[in-house]
Protein chains: 2
Amino acid sequence: MPTVSSEELATAAGVNSAKLRKDFSYLGSYGTRGVGYDVEYLVYQISRELGLTQDWPVVIVGIGNLGAALANYGGFASRGFRVAALIDADPAMAGKPVAGLPVRHTDELEAIISDNGVSIGVIATPAGAAQQVCDRLVAAGVTSILNFAPTVLSVPEGVDVRKVDLSIELQILAFHEQRKAGEDSASAAATASAARSGAGGVRSSASRKGPDGDVPAVMPA
Amino acid sequence: MPTVSSEELATAAGVNSAKLRKDFSYLGSYGTRGVGYDVEYLVYQISRELGLTQDWPVVIVGIGNLGAALANYGGFASRGFRVAALIDADPAMAGKPVAGLPVRHTDELEAIISDNGVSIGVIATPAGAAQQVCDRLVAAGVTSILNFAPTVLSVPEGVDVRKVDLSIELQILAFHEQRKAGEDSASAAATASAARSGAGGVRSSASRKGPDGDVPAVMPA
DNA sequence: CCATCTTTGTGCACGCGTTCACAAAGGCAT
DNA sequence: ATGCCTTTGTGAACGCGTGCACAAAGATGG
Ligand SMILES: NC(=O)c1ccc[n+]([C@@H]2O[C@H](COP(=O)([O-])OP(=O)(O)OC[C@H]3O[C@@H](n4cnc5c(N)ncnc54)[C@H](O)[C@@H]3O)[C@@H](O)[C@H]2O)c1
Ligand SMILES: NC(=O)c1ccc[n+]([C@@H]2O[C@H](COP(=O)([O-])OP(=O)(O)OC[C@H]3O[C@@H](n4cnc5c(N)ncnc54)[C@H](O)[C@@H]3O)[C@@H](O)[C@H]2O)c1
């Protein structure tokens, strides 16, 4: 019976072994002392707990550069996610196949969500359209949203939103990069706090969004 | 003089106003009691502290679906990032223009990093190539890496790595989604811990990667 | 010049995740 | 069967970010 110890797993994942054991303990105790965890059973338990035993239909809204890349990505299927539909507002794209799926027009959004029982939506539209798209998704029954647009979405309670802001990822790297260069005390003190507040750029209510409605140009370049 | 209160900013950003004030206090105290913060000065201070006053040349390695999308993304420039070069191992792509830049071959990687003084690299290659690319980037002088490949990179001390794993983002949503459906105590107890351990999938040392060297197929679909 | 009102800056406490450290458990060899 | 060795499961301590609550500061109007 193939087994792994918490220590091996911890090293591979780059985390503390005690944390890992404690996390596993929440799923019940099925390790064997002196031996470790049965790999097969462990994988099954985690998969089930994480909801990977069922597969989730998702829709991607906004089939531009990013949306198309996501649609073409094969890695989601192996994690239990199935792209149910690609949706875009551009009439010129309607029907055009992307990654083997025909792009559907936004008009059909509600029907698509409903017909496929979709509860997870991905937003890859320009920031200006994100809130509006979000509202329609939620109204149609979506309760989990992965947002790539650089905007803070407001949603009713019960709806989960995760935001992926690639610019901020780079900013965080640049921030630390800057600290490596010049070491002054002020920067050092602010590190922990500032670095963690990664999500959601600070935007003054007095500032304006750019004309294109995309990235709010608050910070000077 | 246009000003904003911490309360206004906090509401807009969806955070606590005290936290916001405390964060600002690390940059020094330049708010005016009874009035708020001078917008212009605040923006300047934050920009400077975050390293947005200078611009950072970045290279993108792996110009496939995702790499090309990133290259085409205009949002980075306004945040102080300039795409210095696009690099790919595929000889067929060499010279081909993507987003106005000619794709350079991997052979030139070291020269490009060095010539442009690049300290930030983006990895968008298949997982199988990520560590190798990472090593070359680091050896050439890159000290910050944004990694999109689903792999834990090992780097020498002093090098920062941020990993963006979109599959895991979806998994986290699916996990909460599952909890909304069936409420059992075990799931509830594991929530906080499991949801936060988002980065880095658990991979047993006994498991194998897929033949394509991309997403490790540990979890059953 | 004083009273009042608004908003900052921050000490302090709370909550929570992380890590340590170790007793208990169980395999395994003798 | 017994003792040893390895590894789990977890109680307790630690560290840290977050939020509360309030005194001090400063603007503003009378
Ligand atoms: N491309 C990237 O690498 C990248 C990186 C970081 C963030 N982002 C963000 O992701 C989003 C998409 O980026 P992109 O580069 O793919 O942009 P894009 O302009 O290439 O694509 C946007 C797509 O959304 C569609 N669209 C516009 N309004 C819509 C609506 N109301 N309903 C449905 N579809 C609509 C457009 O027709 C277009 O196809 C943007 O918010 C961008 O800021 C992109
Ligand atoms: N496309 C997505 O939406 C998406 C989503 C999540 C994760 N990812 C991850 O991002 C990475 C890229 O995804 P993709 O869809 O763009 O893949 P892709 O196959 O379209 O592109 C990969 C590119 O990397 C190049 N490459 C391969 N080996 C290289 C090397 N050693 N040096 C330089 N370049 C090399 C290839 O020539 C190709 O152009 C993968 O690791 C994938 O798992 C992608």
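What you are looking at is a predicted structure, and each value in this text was computed from that prediction instead of being measured. Order of the sequence lines sets the chain letters (A, B, ...), proteins ahead of strands, with each chain counted from 1.
B:Ser17 comes within 4.0 angstrom of no nucleic acid atom, judged by non-hydrogen atoms across all strands.
A sub-4.0 Å separation between OP1 or OP2 of C:dG17 and a side-chain N or O of A:Tyr26 is absent. OP1 or OP2 of C:dT8 has at least one side-chain nitrogen or oxygen of B:Ser6 nearer than 4.0 Å.
For A:Tyr44 and A:Glu40, the side-chain atoms include no donor-acceptor pair closer than 3.5 Å. Judged purely by distance below 3.5 Å, without hydrogens or angles, the side chains of A:Arg21 and A:Ser6 pair a donor atom with an acceptor atom.
One interatomic measurement links the two molecules: CG of B:Asn16 to P of C:dG15, which rounds to 16 Å at whole-angstrom precision. Atoms OH (B:Tyr30) and P (C:dT7) sit 18 Å apart, rounded to a whole Å. Straight-line distance from the CZ atom of B:Phe24 to the P atom of D:dT18: 14 Å, rounded to whole Å. Atom-to-atom, OH of B:Tyr37 to C1' of D:dG26 comes out at 14 Å; the value is rounded to the nearest Å. A:Glu7 has its CD atom 13 Å from the P atom of D:dT6, to the nearest Å. What separates CG of A:Leu20 from P of C:dG17 is a distance of 16 Å, to the nearest Å. Between the CG atom of A:Asp38 and the P atom of D:dT8 there is a distance of 13 Å, given to the nearest Å.
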Counting primed atoms, P, OP1 and OP2 as sugar-phosphate and everything else as base, the B/S/- map of nucleotides 21-30 of chain C against protein heavy atoms under 4.0 Å is B--BBSS---
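Atom OG1 of residue A:Thr106 and atom CZ of residue A:Arg136 lie 6.0 Å apart, to the nearest 0.5 angstrom.
With A:Ser47 contributing its side chain and A:Val43 its backbone, the two residues share a donor-acceptor pair below 3.5 Å. With hydrogens and angles disregarded, no donor-acceptor distance shorter than 3.5 Å links the side chain of B:Glu7 to the backbone of B:Ser17.
When all heavy atoms of B:Gly51 and B:Trp56 are compared, the pair lying nearest together is O-NE1, 3.0 Å. Closest of all the heavy-atom pairs between A:Val164 and B:Glu169 is CG2-CG, 4.0 Å.
At least one side-chain heavy atom of A:Leu137 sits less than 4.5 Å from a side-chain heavy atom of A:Leu109.
Candidate nucleotides C:dT8, C:dT19, D:dG19 were compared by shortest atom distance to the side chain of B:Lys19, and D:dG19 ranks first.
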Subject >> Pair B:Val133-B:Ile87, side chain to side chain contact (heavy atoms under 4.5 Å, CB included): steps then yes or no >> reply: CA-CA 10 Å; B:Val133 167; B:Ile87 304 176; over 6 Å; no
Between the protein and nucleotides 11-13 of chain D, are there any N/O to N/O pairs under 3.5 Å, and if so, what are the atom names and distances?
residue, atom, partner, partner atom, Å
D:dG11, O6, A:Lys22, NZ, 3.2
D:dA12, N6, A:Lys22, NZ, 3.0

